[in-house]
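Beneath this line is the structure, given in structure tokens, with notes to follow.
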Amino acid sequence: MTRRPIRVLVSKPGLDGHDVGAKVVARALKDAGMDVIYTGLRKTPEEIARRAKDEDVDVIGMSILSGSHLPLARRLKDLWDEYDLGTRMWLVGGNVPEKDHEALADIGVDAVFNSRSRLDDIVRYIEENVARWPRN
Amino acid sequence: MAEKLATEPESGLDLPNSDLPRGVQPVFADSGIEVKPVYTAADLNGGNGSGGGNGAGEERPGEYPFTRGIHADMYRRRPWTMRQYTGFGNAQATNERFHYLIETGNTGLNVAFDLPSQCGLDSDDPVAEGEVGRVGMAIDSLRDFEVAFDGVDLDKITVSLTINGAAAIMIAMYLAMAEKRGYDIATLRGTAQNDILKEMVGRGTWVFPVEPSVKLVGDTIEYCARHAPNYSPVSVCGYHIRESGCDPAEEMGYAFEIAKAYIDETLKRGLAIDDFAGRLSFNFNVFGKLFEEVAKFRAGRRMWAKILKEQYGAENPKTMWMRMIAGGGGFGLTIDQPENNIMRGAYYALSAVLSGAQTIALCCYDEAYTIPSPKAQQISIRTMQLLIEELGLCDTVDPLGGSYFVEALTDGMEEKIEAVMQRVQDEGGIVAGVASGRIQDRVSQQAYEHHRRVENGEARKVGVNCYRVPEEKPDVEFHPERREDLDMQLASLKQVRAERSRDAVDRALKRLHADAVAGANTMPAIMEAVKAYATVGEMTNILADVYGRFEEPITI
């Protein structure tokens, strides 16, 4: 039985226009054989939740460089059950100070990456851990 | 023989190979020009001779085609304008920082707006939640402009508004604020970024679709040409496209094609080229190879002058000037070993000064982490003051002119930039290229490839893939977020709405709607609305009702 490729939603919540990193990561995940859906800029948490549901992704990635990562993560968390997002990996990338990592983890984010993270490490993290969030 | 690096890369990036050879392969500048070990007189005239290829020896600064600078005496008369970028919280908090920067020696202001303001949203819009005052100052109405610039002498300190999607509104607010304070807008100077096409390629604070957006840029250029002729309504930005991944030649080539699109739009309004094109300015990036950057700017000046004269028939030399702010240079700075960014900033400033920039803004060393601290801003300003006061950089014009290397590289850059412009035209033009997302796709692929080259050590980055230190804890002070700034902003917005005349606002917004539908210039109606204290969100929504909103082409 062949498993379908890992499906990843790379999203840009909030108003932040910094999309270089999100697109770089999206291309890296694609090169690694994953199905990548990039949302484009300025999506509301509602739009991201709906897209994650509709596209049945295994991984939800949020890229935030405006400093608004905590309120935005909280808003997605509030929508998690409403959109029946169930078990999915949740990653945040961008410019997140270390002091906020714990708060993001408490909200439910599984891992945080930044511009120091190697692309291959992001790929490996997803590949090695996605099985812990079985989709069926 | 290949030299080995003195210091082996640390394990942090797990470089596959610690003895990367240097110096064996031809060196390539970032734009792909092969750099030779030595240059001689034989390299002059070596290119297509487009610049005369004679080492610009017979050319003088201040004379067409301005390779050596737009002014004859450049910094001998006046050093470049120091225009550090700032803005956060509300107008009051930003006003305090403006005064700090001016006292420190900043000779211009470069205003950062928060994301809701940049996207045309009021501070109390639900979509703005969590973003108000975060990356810049919150602006809702003319009232905020009045507070932000309180006590700033607008004749002495020129103000640059880093605003794009909402630029027409913010330009109107600036002009209205100045008028209210007794300045004559017929002589008022200042700049708005107002380059929406680059915003769609990088930076991302667009609001309306491509065509009405370009039309709005035309509205501001036309309005300023007729009413505020010393105001620079557009600063065309190669800067952010380079930040997004393109190379230096493309940075300039794209910017010129974008500037031409705005010129073409404005010419439809019945203005002559010499009526307005001299007030268009540019914003370019400075990082990377020093001599290539200098060559880029020298080639760019020469090309822009020729484009204006030969393609557009400009007669006034000032129309042909490529006036620019050089921004050094976010993409070059690193989150690792942030103190190294202080040195990078100094070299970028040197590059910009050797290039004849009119205005310079340096990214601060802590900017990869946070809104710069006052200390970091002071270091950036001091960096430029050192060049002026101690290093003798203002003493002579275009000191690298006549260098075999720089002149040959200038010719080489001109060819590269020309090829970029030709490619854009062959592919259907810049407007179509942005609307389809083709330019964005190309630029983002370049960013990806660059990132891979940094990761595998091919593109050297000090502190990132070589000369690393283990377990670094950066010593950066984070900008404090002040909840009270947000509360003040919301209260002030409420008060403005309560105090203004609802009738006057409605009348102005109705006029704005009608003018937008009719395809008339929207600036007079925006001015009226601004003076009635209509909010950014109210005006943007009226325009969006008529124009719609940009739908970003997704190419990944």
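Below, chain A is the first sequence line, B the second, and so on; all start at residue 1.
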Report which part of [X] has an atom under 4.5 Å of a heavy atom belonging to chain A: side chain, backbone, both, or neither.
X	value
B/Glu552	side chain
B/Pro116	both
B/Ile371	neither
B/Gln445	both
B/Tyr369	both
B/Ile556	both
B/Glu129	both

Pairs of heavy atoms under 4.5 Å with chain A: top-ranked of B/Val135, B/Ile335, B/Leu121: B/Ile335

Residue, of B/Gly130, B/Ser444, B/Gly202, B/Gly204, that accumulates the most heavy atom pairs under 4.5 Å with chain A: B/Ser444

Region of A/Asp16 that comes under 4.5 Å of a non-hydrogen atom in chain B: both

Part of A/Val20 within contact of chain B (heavy atom distance under 4.5 Å): side chain

Distance (rounded to the nearest 0.5 Å) between [X] [atom1] and [Y] [atom2]:
X	Y	atom1	atom2	value
B/Thr370	A/Asn95	OG1	CG	8.0 Å
B/Arg549	A/Arg42	CZ	CZ	8.0 Å
B/Asp336	A/Arg116	CG	CZ	4.5 Å
B/Gln440	A/Asp19	CD	CG	9.0 Å

Quick check: closest heavy atoms across [X] and [Y], and the distance to 0.1 Å?
X	Y	answer
A/Ala28	B/Arg452	CB-NH2, 3.8 Å
A/Gly14	B/Glu131	CA-OE2, 3.1 Å
B/Ile554	A/Tyr38	CG2-O, 3.6 Å

Ion pair B/Asp441/A/Lys23, N-O distance below 4.0 Å: no

Leading residue by heavy atom contact count with chain B [cutoff under 4.5 Å; candidates A/Pro71, A/Gly40, A/Pro97]: A/Gly40

When you look at [atom1] of [X], are more than 12 heavy atoms from neighbouring residues, nucleotides or ligands closer to it than 6.0 Å?
X	atom1	value
A/Glu102	CD	no
B/Glu551	CD	no
B/Glu477	CD	no

CA sep, side-chain torsions, deciding dist, call: B/His451, A/Val25, side-chain contact (heavy atoms from CB on, under 4.5 Å): CA-CA 10 Å; B/His451 195 89; A/Val25 170; over 6 Å; no

Min side-chain heavy-atom separation A/Leu41-B/Arg203 under 4.5 Å: no

Option among B/Val127, B/Thr205, B/Asp114 that satisfies the side-chain contact (heavy atoms from CB on, under 4.5 Å) test with A/Leu15: B/Val127

